[in-house]
Structure formats: structure tokens, C-alpha cells
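Following: one structure in C-alpha cells, then a few remarks.
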Amino acid sequence: MNEPTKVDPLPEIQPAPGGIAARARAAAAPPYLAGLNAEQRAAVETLDGPLLVLAGAGTGKTRVLTTRIAHILSLGRARPAEILAVTFTNKAAREMKERIGRMLGQTVEGMPWLGTFHAIGVKILRRHAELVGLKSDFTILDVDDQIRLLKQVLEAANIDEKRWPARLLASLIDGWKNRGLTPDRVPAGEAASFADGRGAKLNAAYQDRLKVLNAADFGDLLLEGIRLFREHAAVLAQYQARFKYTLVDEYQDTNVAQYLWLRLLGQGSKNICCVGDDDQSIYGWRGAEVDNILRFEKDFPGARVIRLERNYRSTAHILAAASHLITHNEGRLGKTLRTDEDPGEKVTVTGAWDSEEEARSIGEEIEALQRDGHKLNEIAILVRASFQMREFEDRFVTLGLPYRVIGGPRFYERAEIRDALAYLRCVASPADDLAFERIVNVPKRGLGDATLQALHDHARARRIPLMEAARALVETEELKPKPRTALRDLLAAFNRWHVAREALPHPELAEIVLDESGYTEMWQKNRSADAAGRLENLKELVRSMEEFENLQGFLEHVALVMDADGGPNADAVSIMTLHSAKGLEFDTVFLPGWEEGLFPHQRALDESGHAGLEEERRLAHVGITRARRRVKIFFASNRRIHGMWQSSVPSRFLDELPEAHVEVAESKGGFGWGGFTSRFDMMEPFASDYETPGWRRARDRMRAEEARETTGAGTPRGSRRQFRREPLTIEGELVAKSTGAVSAYATGERVFHLKFGYGDIVSVDGNKLTVAFDKAGEKRVVDSYVERS
DNA sequence: TGATGCTGCGTTTTT
DNA sequence: CGCAGCATCA
């Protein structure tokens, strides 16, 4: 450890006579314990020592967490400010606050340490910023800023940004930070992989730049905290003494940095309670370590493990399907979900000819549900990849079926919001170079590259912020008259706003800044379709500022939260990815796209092998367990990927469902199973042990058709084997990339295609054919999908 | 500075 | 195919 650091004491905890602690203690027989089952109750009441709560889907995880906090408070074991409770998302933190408040009959203002890892990380870091080379008002960079900064670093190092993109470096650095690695600890080999061995230097340079800018990226909020604790024992001791209890939500999603951070803090009281579900770990690709949860008992000696397996959400059939599927995973702690619910409806599996029919089919089922009085709000379509959403949107628009897409481009990611925030950041802290750079020429003021370059040179030479450099520069002859005037005007404006900050309420200030800067006008003049929406967003932003005490508080919130407020409450079907569905529940859940290559996703398999497959399977498990009453799985035999039709094989996950709880349904959308007829053999590698009556019927029918067909047209044997051996998505990709490959087909030839029927080849481009089909019109297809007729 | 065309890429997302 | 990001030209 370093020399002892003088540490300011943490703020005294004010005794609050009417506060929640006192109030909670006053309640004699804790009503909150009533209604918990035995395991839940044990999880709430086991207060001393490390505890891992393995909470399966729908087993009351959040309830346990909040009740536990209420319990600690009501027993007087700790005061609100002595409990550290961390979540991943702001939404989860908000919900927890609300629930505790409801439980104890008041809002929980007294829980300053309930928040996301990052929010709590910033809070700690700001108090001790100078110990890690920052000032307490450091800015938090978003991904955009980070990339821009890295571009500058790359440029300064004379590295060709096309060969070594800033994005790639950013993801490497993020990865290192996720693993708790400060630049000096990054394995040399890994760092060397970037830009011919210069990765480590660039990482260090980036870190230096951050310090000069008085800024921290998201990773730093934790990593610098870890460094702080490691290098300043007194600071760490202070927090260890403060936190009597630590609670962690979604522990399966923690990365190494978060784990280290937690371990440092939790070592004080040892009363650390982590709640999670290894079967719902779906964020491995962004650094989450399932290992953290699998290793818990080793890492925290004397730990107790409590399993919550009693599910209060889904019917027995749904639970059985999900449970059986997940047993195919090897690396798991093992839980068995059970319920007293009715068996309910079986999980259905429906095959569709193509993705259009899949959408049509689902649309019809939804309309049928609607006619039976089901709320659209209780229906969700969960897809693996967002491109799948479009098909549903198109279909629902034609049907006039209300829907909402969850998790589209986020409010804060929109350009106009980022621009507006950049203006406000400049007003609040004139030294925020990245913000200044973003808006210096937005709207256009004639301040182009040349001006910016001059500013940069001046700033770097003198080690001063850009805005200050600008002030100096407008007094010289260095700039051309036009940019000089423009820049002077802008600086004068910032001066005005900076002064006005003292006098005006901050939402009003924001309005003035946006108007006077010409930013609002820029969008008013813009006649593109989305300009109106953008102006609306800006208004929304200003409105949302009212909730905060001052500009500083607002910007702080925004840097961390950047949450759009909930949309309208209209009755609508929800369409979202499986990832964003985690934590939600619906009566009816549609799961389309269960095809090899899409789900499990080819890329997950290619890049992460067996671990990737298991994560995909957990994703399937998450999808099924979102449903209370109905799960409807679909797959399509043909799907358009990158503009070309590819045929596909049903997902192996279908074979991993327990047949007793699954029913194979007929597609209601039109052709139904017809699509499989001529290529049913593609399914064999996966269909071997899938035997339900409906399935068997369908397969027999296909076999019959198959036999009929092969005797007739005589499919070339070789191409058939190809189909079977190589998943077509892969083949499609390979084929698409092999530029030299010349097709065996020629213009004018007559061919047969599974989806489109007969047609004449119009043109040949490598192995891509343009075919004029008799019925379907002109389409582009890969040659391996047609045969000569 | 702004418009236009070309190239490359195409899973999941929070803070 | 459709989009985003970049490069080039007017």
C-alpha cells in the first residue's frame, strides 16, 4: 500500500426520527414476511455471512431482495445509509426503491447507496477523485466521446485508422476494463494484437488523455474505484466500515471488474448477499462472467446457498419445456423449477414456409387472441436479432394491429439529444473539450477543419481547454475573418449563458441556449421527415430537466441514466429482442425464428463454440420463461438474409423440448408445411428424436412427397448431400464471399426454385443468379438453391 | 461546406 | 438488400 491517505469522513448519518428505519422498527410483527415461502423466507432472514440466492425465473427474486432490505432495516441491523445495494440497470434500481418504499410506507430517500454499479462507482470516485488523478467534477464520456477521443489518439500516433479502427481499439480497451485490467496489467500479447504491437502504448496514451481532459469512460467508473481502494487502504477501510450489508442483483451478469469491486467492499462486513440465476446469464459477450456465480462458494468461504425453485409465473407445461431445455447445458449449478399451477396449454411449435408466412401466421394468432378478449399488452414477440422485427412491423401495419418496438434507438443516442446535451455540458463546464468539439459547428457556422485544427494546436501547445484556446485565438490574426467572427459570436454566447446560469432556472436556460445557438432553428428549417420528431425530443428533454435541482444534477443523471421515459400506455403488442425481454413477463409469448444459424446464432457458435451454444440455450430458456400462459414457437424454412433467400434447418433447440409438453401445430398462415416437402431430409440430423403425433404426421407426409419427387425430376445427388452437410447460412456466406466462383448456370437457362417455382435466368453474377420466375417475378438467389428443370 | 457516390458490413446491449 | 461511414467532387 501507499502512504496513508488523509481521508475526509463520510457524511454523518443523520438520525431520522420519523425516517423509514424508525418506522420500520416500530412495526412489531413484520407483515412483509407473510406470504413468503420457506426458501424465500430463509433468503430474507439469513443475514450473517455470505449468501448466494439462486433464484430461477419467476421465483420472486426482486421480492426477496427488497424484503431483505426491509428486514435489515426493521431489525435495526443497519441504517439505510449502511446498506450497499447494487443493480445493473437504472430501471432495476428504480423499481427496487419503489418497492422498498411501498413496503415501508414511504419513499426511500434514506438509501443513498442503492443504485447501479456505475452510479455508486461515480459517487465514490467523485469524493476521492484527486487520488486517482481526476478532479471531482470530471465528465463521464459516452461511447461516442470515447471513439472520438480514440480517433485523436490514433491520429497522434500516426496509425492508419482504416486498418486499425478506433472502434476496435475501444472494444479492446472496454474488454480489458471489464476484466479489471489497468493498462499496466494488460497481458502483453493481447495488447500487441492491435496496430502491430502498439496496443499497450495506445491504451496508456488514451488513459493519459482522459486524465488531461478530466474525464472518465464507463469502464473507469469501476476500474478507477478498484485502483482507489487498492492504493488507499484508508479509503477502502472507511467504506468497508460503512457498509454493514451488501446486496447484489443479477449476480450472473457481473464482470470481473464488478466482482473485484464487490469483493473489496464486501470483505468488510462479509454480509454479502448475491442474487442471480446462472440459467439466465446471457451477457457473456459483453464481459459477464458466469464463473462469478459458479465460483461463489469458493470466493466467499462459509457461504450459504439458497435455491428458489418455486415458480409463480408460468403454467406447468411452460415450465417443463423450459426446464427440460436447459438441462442440456453442462456448466450450471442446477435448479428445477416447479409450480402448483395448472398444466395449461402445451407449448406449440409451428413450421412456416418462410419468414413472411411466419409473420402472417403470428398476426392471425394474435388477432384470434384479441377476438377472445386478450389484451395486446399481454402479448409479446421475442426475436433473436432485430432484423427479424421488420417483418412483423410490416405485417402489423397492414393488419392495423397496434404494436410497439422495445429497445429501438434509445432516446439519448439520438443525435439531437446528444447535441443539446453537449451545449449544456459546455455551459456547465467550459473545459469539456469533447462536448465543445461536437457542437462548435452545429449548426453550421463556417468553422471547419482548418479552424478546429488551429484550435487544437493552440490548446495542445498551451495545455488549455479548447474553449480557452478559442478565446485567445479570436484576439489574434491567425484565423480568417469569417471564422473569427463566427467563433467570437459563439464564445460571447457561451459567456452569456454561463452567467445566465446563476439567474435562470435550468430548463429555461436550456431553452435559451438551444434557441440562441440556432440549434432549434436548424431543425425547424430542416424539411426531412423526422425533423418534427427531433424537435419534439428536444422539448421532451427540456421538460425532463424540471425534475432536477440544477443543471449539474441533471447532467450527472443523464450521463448515467439516459433513459427515455416510458412510452404511451396504449394497448399494443410488444416486439423486442430476447435480450431486452429479460426480467419481463407476458401472458402469451411468440418465439419466431427458431432455426439453425439464427437461433442458435451462427456467430455465437463460431466465436464462442460450446460456451456460445450454452449461452444461446440460456437465451431460449429466458424466452420461454417470459410467458405466463402460452408459448408459441415458430420456425421458417426459408428466410431472406442480406437480400437473398436462404433455406434453413429447424433449430436444434426444438429437439431439446420435452415432447410431452409440446404440440406441433399447423401453420395457419397459408402453405404451412408444404415448404418442407422436397427438402425434408435437411431436418434429419436434428429431428431424430423428436416424436409427437403431429410432428410424425407432418414428417410422414413430407417423406411421401419426397419420394414422389425424387422419382420424377431426379435431383442431382451431389447437391443434395451438400445441403445436408453444410448449414445453408454458412454456405450462403461463404459463397457470397468467394468472388471468383463461377456459376454452373448460364443466362437463359430454365431453373426450379423451392420457394419461387420455375423461372428463366436473366443474369449471372458469380454464384448469384437473377431469375425471372413465372409466378414470383424477378428475384436474386444463390445458385445452389435452384436446380435445372 | 455540402452533396453524391462507393464500399463494406450485417447478433445480442448497459452504463 | 439496406444502411452507415467515408471519400471525392462541385
Side-chain angles (χ1 to χ4, degrees), chain A residues 86-93 115-122 140-143 146-147 151 161-162 165-167 171 174 177-178 216-223 250 253-255 257-258 281-288 382-390 406-410 412-413 415 441-451 482-483 486 556-563 576-583 593 597-608 612 615-616 618-620 622-623 639-646 729 732-733 736-737 768 770 779-781:
Chain A
V86 279
T87 63
F88 274 86
T89 62
N90 294 292
K91 193 169 155 226
T116 62
F117 276 100
H118 295 269
I120 294 171
V122 187
I140 300 163
L141 301 195
D142 61 29
V143 191
Q146 198 189 1
I147 302 274
K151 275 189 182 162
E161 226 238 280
K162 263 174 283 169
R167 287 207 153 275
S171 69
D174 264 358
K177 288 186 175 176
N178 283 160
D217 64 21
F218 280 117
D220 285 341
L221 299 184
L222 287 165
L223 193 55
E250 307 274 22
D253 287 338
T254 49
N255 60 37
Q258 287 156 342
S281 162
I282 55 174
Y283 285 110
W285 49 273
R286 65 175 198 212
L382 310 182
V383 298
R384 172 66 246 261
S386 40
F387 77 83
Q388 292 173 261
M389 296 185 190
R390 237 185 109 164
I406 312 255
R410 251 165 288 285
Y412 63 86
E413 277 168 9
N441 201 30
V442 180
K444 300 273 180 276
R445 300 187 172 89
L447 300 169
D449 281 347
T451 315
K482 246 200 258 168
E556 172 89 27
H557 166 84
V558 144
L560 288 170
V561 178
M562 296 177 152
D563 238 351
M576 70 188 94
T577 63
L578 286 159
H579 282 91
S580 36
K582 196 170 84 152
L598 177 57
F599 192 38
H601 200 280
Q602 193 59 48
R603 211 143 151 183
L605 303 182
D606 290 347
E607 283 167 18
S608 318
E615 183 153 312
E616 295 286 297
R618 290 193 291 266
L619 205 46
V622 165
R639 191 173 289 278
R640 199 160 53 174
I641 295 172
H642 310 329
M644 265 176 295
W645 285 95
Q646 315 257 217
T729 29
E733 244 173 64
K737 272 173 193 160
K768 284 164 244 163
T770 304
K779 306 272 178 190
R780 268 164 74 82
V781 296

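Order of the sequence lines sets the chain letters (A, B, ...), proteins ahead of strands, with each chain counted from 1.
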Practice task
Indicate, with a heavy-atom threshold strictly under 4.0 Å, whether A:Leu447 touches base, sugar-phosphate, or nothing.
Solution key: sugar-phosphate
Practice task
Remember a base hit wins even if backbone is also touched, and classify A:Glu607 as base, sugar-phosphate or nothing at under 4.0 Å, heavy atoms.
Solution key: base
Handout entry: Rounded interatomic separation in angstrom, taking CG from A:Asn441 and P from B:dG2
Key = 7 Å
Exercise for the section: Indicate the ring-plane relationship of A:His579 and A:Trp285, choosing parallel, tilted or perpendicular according to the 30° and 60° boundaries. Expected result: perpendicular
Problem - A:Trp285 ring over B:dT12 six-membered base ring, under 5.5 Å and 30° - result: yes
Problem - Side chain of A:Ser580 (C-beta onward), nearest among C:dG2, B:dT13, B:dT15 - result: B:dT13
Problem - B:dT11 pyrimidine/purine six-ring stacking with A:His601, under 5.5 Å and 30° - result: yes
Practice task
Using whole Å, report how far CG of A:Asp606 lies from C1' of B:dG10.
Solution key: 14 Å
Practice task
Please state whether the phosphate of C:dC6, meaning OP1 or OP2, lies under 4.0 angstrom from any side-chain nitrogen or oxygen of A:Lys162.
Solution key: no
Practice task
State which of B:dT13, B:dT11, B:dT14 makes the closest approach to the side chain of A:Thr89.
Solution key: B:dT14
Practice task
For A:Gly446, answer base if it contacts any base atom (sugar-phosphate contacts may also be present), sugar-phosphate if it contacts only those atoms, and nothing otherwise; contact means non-hydrogen atoms under 4.0 Å.
Solution key: sugar-phosphate
Handout entry: Under-4.0 Å side-chain N/O to phosphate OP1/OP2 contact, A:Thr577 with B:dT13
Key = yes
Practice task
Compare side-chain N and O positions of A:Asn90 against OP1 and OP2 of B:dT14 and report whether any pair is under 4.0 Å apart.
Solution key: no
Exercise for the section: Take atom CD of A:Gln146 and atom P of B:dT15, then tell me their distance rounded to the nearest Å. Expected result: 16 Å
